[in-house]
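A short write-up of the structure that comes next.
Just so you know, these numbers use all the heavy atoms, side chains as well, and skip hydrogens, waters and symmetry mates. This one's a predicted model, so the numbers in the text were calculated from it and none came from an experiment.
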Amino acid sequence: MRKLTTSLALTMAMAMGAGAHAADIKDVTIDQIRSAASDACEGGKTYQVAYSHSVSEVAIVKQVRRFADERATQLGCVTVLHDNTQANNLEQQINAIQGWITLGVDAIVVLPIEPTALQPLQRQAQAQGIKWLTYLGKMEGSDGFVGFDHAQSGQIVAQAAVDWAKANDVTNAKALVTTLTPLPSLSPRWTEVTRIFAENGITVVAEQDAADQTNGLRVAETVLQQHPDLDIIIGMADDAAVGALRAIRLAGANPDVMFVGGQDGSLEGLSAVNDGGAYRASAAILINELGANIIDLALNAVRDVAPSSAYTPTVLASKADQPLLDKLLSNYAN
């Protein structure tokens, strides 16, 4: 399988999540998830939960795995098994899952690189009583789902830009919005932005594909040449927005009169927000809760307790809430 850059691979991995939801899981709270799993260790029961991500080498994924391990330690009866799948290598993922099925783990939580290729393993696992949960991606017949909401992400960062424009009396604002049209399941990350902008009189002068820093830089440079009075740049991922920020600096544009926002809450994105200047917001996934949800939702599925499917909340990271921003940054500290 052709290898991708890690940043784009992560974006592609996340892309599957938007299509993998039902309306009711939007109402599931973190408290409900934690409460349902809280008594899993009673009676001396022990569990093995296996977790496979398609790009385990990426920094944000390493931190999610760390938080899964911490939740397992906190509960005291769970052993977490991780694979070493990298760069969307399907063969690596298949080999890991085959090993877990042979071992007889209680639950497998997997970001499916190619769902059709994993279906035989899903059937084999479930036939042996192993619960099969999907992480960000959807597979028919799964026993649970661990993900987050792309529409919420787009709405959060778009509203932050609207609020900034109003607070700073920016009239007839012009915006660049980056997209990733080959992956339409990600589209709420930009369609919600353009919808909210249209409702608030912000003109989107360009929509172009950019998911990583290189393309974010390239696209922003081009649009800034065409529209030197550009006010707002929204990246469909923090990587794209970080690249756009570099373009602003190279162009010598005034960062004090611009708004740059990203999505995901990556370390570089959050650090740019913390530095101040044009990068004012990131729609950040609560990766500490996401990691814990891997364990708790798997335990709920094993024990046939609801919920076994849920979204992890996304929040606005900005200098306006420094304590929250500090907390989100601390999630990357080892």
Side-chain angles (χ1 to χ4, degrees), residues 13-14 16-17 20-22 24-25 28-54 56 61-83 85 93 96-113 115 118-119 121-148 285-313:
M14 288 179 171
M16 304 170 70
H21 65 82
D24 57 343
I25 73 171
V28 176
T29 67
I30 295 295
D31 286 345
Q32 288 173 329
I33 298 167
R34 300 289 172 268
S35 176
S38 63
D39 61 350
C41 297
E42 291 183 0
K45 294 181 180 179
T46 60
Y47 307 88
Q48 287 183 315
V49 174
Y51 170 50
S52 173
H53 198 289
S54 65
S56 64
V61 178
K62 292 178 180 178
Q63 297 306 314
V64 170
R65 298 205 311 187
R66 176 170 68 88
F67 284 115
D69 290 341
E70 288 185 2
R71 177 57 175 164
T73 300
Q74 181 185 42
L75 288 167
C77 63
V78 184
T79 300
V80 188
L81 306 178
H82 300 288
D83 68 343
T85 301
Q93 186 170 68
I97 294 171
Q98 286 175 331
W100 292 334
I101 292 173
T102 300
L103 185 61
V105 300
D106 294 287
I108 295 172
V109 183
V110 56
L111 195 162
I113 296 171
L118 296 186
Q119 283 175 347
L121 294 175
Q122 177 186 0
R123 290 192 292 268
Q124 183 182 353
Q126 290 175 322
Q128 292 183 203
I130 299 171
K131 296 298 184 179
W132 183 276
L133 294 86
T134 52
Y135 175 90
L136 307 186
K138 182 180 182 180
M139 290 183 67
E140 185 177 353
S142 295
D143 298 301
F145 169 69
V146 185
F148 49 86
I285 305 158
L286 296 177
I287 61 172
N288 58 318
E289 303 290 4
L290 183 60
N293 281 350
I294 291 169
I295 304 304
D296 285 9
L297 293 172
L299 292 177
N300 291 347
V302 169
R303 300 162 60 235
D304 293 321
V305 174
S308 61
S309 297
Y311 282 136
T312 300

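Rounding to the nearest 0.5 Å gives a distance of 11.5 Å between OG of S56 and CG of L111. Atoms CD1 and OG, from I33 and S38 in turn, are 12.5 Å apart once rounded to the nearest 0.5 Å. From H53, atom NE2 reaches atom CD of Q93 across 10.0 Å, with rounding to the nearest 0.5 Å. Atoms CG and CD1, on L290 and I30 in that order, are 9.0 Å from each other to the nearest 0.5 Å. Between R303 atom CZ and Y47 atom OH the span is 5.0 Å, to the nearest 0.5 Å. Atoms OG and CG, on S52 and L81 in that order, are 11.5 Å from each other to the nearest 0.5 Å.
What you find for A125 and I108 is that their closest heavy atoms are CB-CD1, 4.5 Å. Closest non-hydrogen pair, V109 versus A298, comes out as CG2-CB, 4.0 Å. Of all the heavy atoms in R34 and A292, the pair that sits closest is NH2-CB, 3.2 Å. Closest non-hydrogen pair, A72 versus V80, comes out as CB-CG2, 3.4 Å. Of all heavy-atom pairs spanning I113 and L118, the tightest one is N-CD1, 4.4 Å.
Side chain of Q48 to backbone of L103: no donor-acceptor contact under 3.5 angstrom is found. Within the 3.5 Å criterion, the main-chain N or O of L133 finds no donor-acceptor partner in the side chain of D143. Using a distance-only test at 3.5 Å, with no hydrogens or angles considered, a donor-acceptor pair links the side chain of Q128 to the main chain of I101.
Residues P307 and I25 form no side-chain contact, since every pair of their non-hydrogen atoms from C-beta on lies 4.5 Å or further apart. Within the 4.5 Å cutoff, the side chain of Q122 has heavy atoms near those of the S142 side chain. Here the side chains of D304 and K131 are in contact, with some heavy-atom distance below 4.5 Å. Counting only heavy atoms from C-beta outward, the side chains of I287 and F67 approach each other to under 4.5 Å. Between L297 and Y135 there is no side-chain heavy-atom pair separated by less than 4.5 Å.
Remark: T312 pairs with N293 by the side chain to side chain donor-acceptor pair (under 3.5 Å) rule, at least two apart or across chains.
For the side-chain hydrogen bond (donor to acceptor under 3.5 Å, both in side chains) condition, no pair includes a residue of residues 96-109, sequence neighbours left out. Within the structure, side-chain hydrogen bond (donor to acceptor under 3.5 Å, both in side chains) contacts touching residues 64-79 (residues at least two apart or in different chains) are Q63-R66, R66-E70, D69-H82, R71-Q74, R71-D296.
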